[in-house]
Amino acid sequence: MSEERSLNFLEEIVEEDLAAGKNNGHVLTRFPPEPNGYLHIGHAKSICLNFGLAQRYGGQTNLRFDDTNPSKEETEYVDSIKADVKWLGFEWANELYASDYFDKLYEFAVALIKKGLAYVDDSTAEEIASQKGTPTEAGTPNQYRSRSIEENLQLFADMKAGKYPDGAKVLRAKIDLASPNMLMRDPLMYRIKHTHHHRTGDKWCIYPMYDFAHGESDAIEEITHSVCTLEFVSHRDLYNWFIEKLEIFPSKQYEFARLNLNYTVMSKRKLLQLVEEKFVDGWDDPRMPTISGLRRRGYTPGSIREFCERIGVAKRENMIDVGLLEFCIREDLNKTAWRRMAVLDPIKMVITNYPGGQTETLFSENNPEVEGGEGGRDIPFSNELWIERDDFMEEPPKKFFRLGVGLMVRLKSAYIVKCDSFVKDADGNVTEIHCTYIPESKSQNDTSGIHVKGTIHWVSVSHAITAEVRLYDRLFKVEDPSNEDGDFKEYINPDSLQVLTQAYIEPDMATAIPGKGYQFMRKGYFTLDKNSTADKLVFNRTVTLKDSWKAPQPPKGGA
RNA sequence: UGCCUGAUAGUAUAAUGGUAGUACGACGGUUUUUGGUACCGUUUGUCUAGGUUCGAAUCCUGGUCGGGCAACCA
């Protein structure tokens with residue numbers, strides 16, 4: 001499978017480690033989300049990376065929830081994260097929580113105090129911040145920094161025992177207030193938070209900070225390669241410092257560039273705003289870049305894995321075109337989606353030489369990409385059909401391979417028809433198209449000798465079923481909403497959702513299968529929405545088909 | 001302003017001192033009962049100025065530009 005693909009820098013590191021005999025040849029990675037939101041496509045990159053790296057080298061991956069800040073974390077998020085990782089197709093070796101290690105972490109902190117490497121500080125947050133200095137000026141020590149080990153031990157025990165209110169004291173590592181790395185200027189290890197934790201309940205009122213939990217958790221689990229994103233580069237010094245002073249398993253941290261996708265936002269904070277302020281229908285709104293949103297939209301796990309593979313891994317900031325994501329889902333669905341006919345913007349076609357009231361049944365295969373077509377279904381045909389409004393033009397331009405008076409097209413899986421005339425209402429809108437069909441041109445049995453350039457889709461008026469179809473477009477009008485002036489929400493695309501309440505679909509779709517991708521021929525890929533019921537079918541458009549047809553004159557003046 | 005980090009076609013990503021390649025996109029063509037798919041072709045690139053070397057995208061020096069760091073968030 002891996003062919004001659006060249007290695008990314010993380011794979012190179014692992015191979016070097018393996019060649020050097022490190023960790024007895026073991027590879028153990030971890031995916032460490034904080035359960036404070038839903039996973040998005042950026043997490044998918046990290047998941048594919050961590051699980052993929054382990055898989056490739058015969059190792060395993062832990063799923064570890066980084067739940068050290070109880071005020072932001074909820075079980076709802078834990079559940080959704082587990083569901084999303086599974087859906088993507090990965091199996092973790094162990095389901096773990098940083099909160100599993102609170103006792104151990106407390107012991108680690110005590111050990112550091114005993115070594116004179118940590119102290120309790122009574123300063124306020126503001127005082128601590130100002131005492132840290134600036135990037136160009138060293139920080140200044142306060143009187144708490146020189147507390148005795150015994151006093152620190154007692155104070156820390158009292159913190160744990162709940163003797164102090166939130167914010168009264170913190171535990172800090174005693175490192176270097178003049179370090180050029182701001183994170184090394186006596187970083188906080190523990191803060192007081194009298195807050196209920198989603199797993200440990202009210203057992204604790206002090207909670208470790210990220211920097212004092214992450215590397216330690218890695219070490220406890222004996223993670224060999226701890227992969228994270230670039231913004232943690234400056235944390236690596238601290239990560240290593242704690243491991244060294246604690247003399248625990250030497251996990252190593254490596255950083256890669258996070259995924260940025262254009263026309264969307266990726267930060268949990270912003271996604272949360274979109275949900276809370278009702279700009280979208282929830283975390284799984286099909287316009288959201290969340291895993292659950294993509295799933296509801298009709299993306300498959302394989303297409304997302306393929307996308308993550310194609311975007312590559314490096315240390316350079318990047319902005320990936322959503323077009324690549326769309327390419328991946330089209331490539332997948334083209335091979336698997338069953339073809340169906342649906343008319344989204346209907347106009348009536350009357351076949352004047354076909355007997356009214358007569359119905360015949362035509363057969364059409366499910367999937368032309370697969371040998372044998374994966375079976376097929378019967379489609380009823382009659383003298384009145386719905387066709388797509390834009391498949392007819394009053395004054396067709398030169399290379400318009402559809403309908404206009406005098407033009408011929410094939411009706412997919414049926415007959416060739418010739419347009420004779422059309423009917424307009426009082427306002428000048430075309431309301432009906434009149435055609436004659438060529439009986440000898442029936443699909444599979446065409447003896448007419450006529451060849452036409454265009455084939456269009458259709459559904460029989462008296463047999464069609466009605467459905468709601470939701471068309472989605474990019475959520476934002478600009479490539480990088482976070483980087484524009486003002487609030488990112490000002491750049492939301494007002495037309496990101498278009499609801500068609502009266503689309504006509506071939507009757508076979510009454511039994512559409514939830515979770516399956518369908519191609520509405522010539523219109524795109526669609527899937528049943530979770531709001532769909534037997535009485536009211538609702539389809540989401542996953543993505544359009546690639547469309548290389550360009551009208552000679554652009555329909556609307558773009559910028 | 002200090003420290004850390006990065007810079008290869010439009011976008012990503014290879015080339016590990018020895019022919020700058022691949023994918024997506026764009027453009028053109030062939031096939032087609034989907035203006036889809038498939039297939040074929042074209043297009044565009046090493047941030048900059050020096051240096052080392054027979055030879056530099058790669059090594060060295062300076063500059064330029066991008067990203068990150070001064071949360072009791074992760």
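Just so it is clear: chains get the letters A, B, ... in the order the sequence lines come, proteins before strands, and each one is counted from 1.
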Separation between the P atoms of B:C3 and B:G62, rounded to whole Å:
12 Å
Distance in angstrom units between A:Leu238 CG and B:C69 P, rounded
15 Å
Are the side chain of A:Glu73 and the backbone of A:His197 linked by a donor-acceptor contact shorter than 3.5 Å?
no
Of the nucleotides B:C3, B:A70, B:C73, which one has an atom closest to the side chain of A:Lys72?
B:C73
Give the rounded distance in Å between these two atoms: CD1 of A:Ile438 and P of B:U33.
16 Å
Between B:G35, B:G36, B:A70, which one does the side chain of A:Glu369 approach most closely?
B:G36
Taking B:G6 as the reference, what is the distance to B:C47 when you measure between their C1' atoms (whole Å, please)?
12 Å
Just compare B:A14, B:U34, B:C3 and give me whichever is closest to any side-chain atom of A:Arg339.
B:U34
Please determine whether the number of non-hydrogen atoms from other residues, nucleotides or ligands lying under 6.0 Å from atom CZ of A:Arg258 exceeds 12.
no
Whole-Å C1' distance, B:C72 and B:A14
45 Å
N/O donor-acceptor pair, side chain A:Ser443 with base B:U33, under 3.5 angstrom
yes
So, does A:Ser234 get its side chain near the phosphate of B:C3, meaning an N or O under 4.0 Å from OP1 or OP2?
no
In whole angstroms, how far is the C1' atom of B:G36 from the OH atom of A:Tyr525?
7 Å
Atom CE of A:Met184 to atom P of B:A70: distance rounded to whole Å?
15 Å
Between B:A38 and B:G25, how far apart are the P atoms? Round to whole Å, please.
10 Å
To the nearest 0.5 Å, what is the distance between NE2 on A:His194 and OH on A:Tyr207?
9.5 Å
Minimum-distance nucleotide to A:Lys132 side chain [options: B:G68, B:C72, B:C73]
B:C72
Let me confirm one number: the CD1-CG distance from A:Ile41 to A:Leu259, rounded to the nearest 0.5 Å.
6.5 Å
Whole-Å C1' distance, B:A74 and B:U61:
39 Å
Would one find a side-chain N or O of A:Arg316 under 4.0 angstrom from OP1 or OP2 of B:A14?
no
Do the charged groups of A:Arg310 and A:Glu306 touch, with an N to O distance under 4.0 Å?
yes
Electrostatic pair A:Glu221-A:Arg30, nearest N-O below 4.0 angstrom
no
What's the separation between atom CZ in A:Phe108 and atom CD in A:Glu216, rounded to the nearest 0.5 Å?
7.0 Å
Closer to the 5' end of RNA chain B via nearest nucleotide, is it A:Tyr210 or A:Thr134?
A:Thr134
Kindly say whether, by distance alone, the side chain of A:Arg410 makes a donor-acceptor pair under 3.5 Å with the base of B:U33?
yes
The single option from A:Phe526, A:Trp338, A:Tyr525 that satisfies ring-ring contact (aromatic ring centres under 6.0 Å, His included) with A:Phe520 is A:Phe526
What interatomic distance, in whole Å, is found between C1' of B:G17 and the corresponding atom of B:G35?
50 Å
To the nearest Å, how far apart are A:Asn181 CG and B:U5 P?
11 Å
What distance, rounded to whole Å, do you find between the two P atoms, one in B:A57 and one in B:U19?
10 Å
Tell me: NZ of A:Lys453 to C1' of B:G36, nearest whole Å?
15 Å
From B:G35, B:A12, B:A74, pick the nucleotide closest to the side chain of A:Ile320?
B:A12
Of all the nucleotides listed (B:U1, B:C73, B:C72), which has the minimum atom distance to the side chain of A:Thr136?
B:U1
Among B:U13, B:A74, B:G35, which nucleotide has an atom closest to any side-chain atom of A:Asn318?
B:U13
Dot-bracket line, read 5' to 3' along RNA chain B, where crossing pairs take [ ] and | marks a partner on another strand, Watson-Crick or G-U under 3.5 Å
.((((((..((((....[..)))).(((((.......)))))....(((((..]....))))))))))).....
Could you tell me how far B:A26 sits from B:A7 if I compare only their C1' atoms? Round to whole Å.
25 Å
Could you measure the distance from the OG1 atom of A:Thr455 to the NZ atom of A:Lys412? Nearest 0.5 Å is fine.
7.0 Å
Listed pairs, N/O of protein and of nucleotides 19-30 of chain B, under 3.5 Å:
{"from": "B:A23", "atom 1": "O2'", "to": "A:Arg310", "atom 2": "NH1", "distance (Å)": "2.5"}

